[in-house]
Amino acid sequence: MAHVLLINPWAYDFTAFDLWSKPLGLLYLGAHLRSKGFRVTLLDCLDRGDPDSCAPKNEGPRKLREAGCGGYFKEILPKPCFFSVIPRYFKRFGMPREKVLVRLRNLDPPDVVLVTCSFTYWYPGASVVADILRRTFPRAFLVLGGVYPTLCPDHAKRLGFDVVVSAADPLSVSRHLEGLLGTSLGIRTYEDFFAVPPAFELYPRLSYGVVLSSLGCPFSCTYCASRILAPSFFQRPPQDVAEEIRYLFERFGVRHIAFYDDALLFRAESHFLPLAEYLVRYNLPVSFHLPNGLHARYVTREVAGFLRRANFSTIRLSLETAVSPRQKQSGGKVTNELFEEAVHALQEAGFSPQDIEVYLLFGWPVEEANEVMTSVLYVRSLGLVPRLALYAPTPGTKDYETFFSHEEEPLWHNKIAFLYRRGWSKLYEKLQGKGKC
């Protein structure tokens, strides 16, 4: 059978941090390919658990380090010319380049290489990898997929790959691969796609696991591309998710698992609550983390109670803004009243104010600085921890079409670059410097 190499490239950015970051879609594809007899190898340049990663030991808050997260090895690079006015170092994050070159030279030549790319502005990593692969494996068939080519298909076609898969939906990606490989992967439904656990066994070791219990999001926020990447909203059977979690613990011994869902609590009665009941029943020594914000409107007393009983230790609520007109303008998924009800339910369940972090969108083009300060002060008035989520222009969203449709260079989507373009860098640093955000 053919040899397929999976690659998660470096991150080229001003800043990057491993916050339970794994190329989950690529790992699912790897599992299906292995089940069909393909020989599969993984090179994850952002795997901090790899012996060649050279990752620092003590970067990041202690709580996150204990949960398996941390900083990457980084190398300072020359900045792209249009970033010259940004007073930050531009870096390559991940495994040192020379170690990647050695790893590739020592591999049996692959027949097909599947390269993923998440953020649109991280495409330089995929571009550099394509150039290296061309020189190292001139006969290999190179395929690019992921978020970047889905949102920036025309730009992605310039990077020199043989095929660019401009779709992130698992069924569309699977059909593309079947055509390229000339074989059926047996993936016709979302149930088929999730029928095998991700190929985490391709990693030398795991400090945490990740799980996806649903695909997509039922909301249409003006700044978010979730419904573009996953047009259909699908929730997996709760018992299947619980069994996958138990498998992660028993097979790999992970004690920390992060959920990747965009809408974990939607239809909680038939999805999250049964799942949480299984987790309580299994009573695994595992802490669960929610790096994506929860929808406050669905945090009822019952939901909050199960979050506590099932050992969810990282709780983040999505507020984005406390200014009512802006809440309505972005899609109307939350109000301050709903948010406060969610906070009360969580505290009643036993979560302290310090346990609850609140996402506030920072730099959103429709919002003024005084409105951001209003939101920060509102969150602090409740005794909670505001966490500033830097806005990044995202192709395909309503906001992007309004403000940025004329821009063709994906590097301008970089959230740090946009922070300086917006002129809000000093305000951001001031808020961060207070140690409250």
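Just so it is clear, the values below take in all heavy atoms, side chains as well, and ignore hydrogens, waters and symmetry mates.
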In terms of side-chain heavy atoms, does [X] have a donor or acceptor partner in [Y] at a distance below 3.5 Å?
{"X": "Asp355", "Y": "Ser352", "result": "yes"}
{"X": "Asp18", "Y": "Ser21", "result": "no"}
{"X": "Tyr208", "Y": "Lys22", "result": "yes"}
{"X": "Arg387", "Y": "Tyr359", "result": "no"}
{"X": "Asn414", "Y": "Asp13", "result": "yes"}
{"X": "Arg48", "Y": "Ser53", "result": "no"}

Of all heavy-atom pairs between [X] and [Y], which one has the smallest distance, and what is that distance?
{"X": "Trp122", "Y": "Ala16", "answer": "CZ2-CB, 4.4 Å"}
{"X": "Asp261", "Y": "Asn292", "answer": "O-ND2, 3.2 Å"}
{"X": "Leu159", "Y": "Leu144", "answer": "CD2-CD2, 4.4 Å"}

More than 12 heavy atoms of other groups within 6.0 Å of Lys398 NZ: no
Exceeds 12 heavy-atom contacts within 6.0 angstrom, atom CZ of Phe403: yes
Test applied, ring-ring contact (aromatic ring centres under 6.0 Å, His included); reference residue, Tyr391; option that passes from Phe362, Phe418, Tyr428: Phe418
Worked check of ring pair (Phe, Tyr, Trp, His ring centres under 6.0 Å) between His413 and Tyr400: CA-CA 10 Å; His413 305 159; Tyr400 193 87; 5.4 Å; yes
Arg236 charged N/C atom sitting above Tyr190 aromatic ring, 6.0 Å / 45°: no
Extract all donor-acceptor atom pairs below 3.5 Å that involve side chains of residues 274-284 and protein atoms in other chains or at least two apart in sequence.
| unit_1 | atom_1 | unit_2 | atom_2 | d |
| --- | --- | --- | --- | --- |
| Tyr278 | OH | Gln239 | OE1 | 3.3 |
| Tyr282 | OH | Glu243 | OE2 | 2.4 |

Residues which pass salt bridge (charged side-chain N to carboxylate O under 4.0 Å, His left out) with Arg34, listed by chain and number, not counting sequence neighbours: Glu201
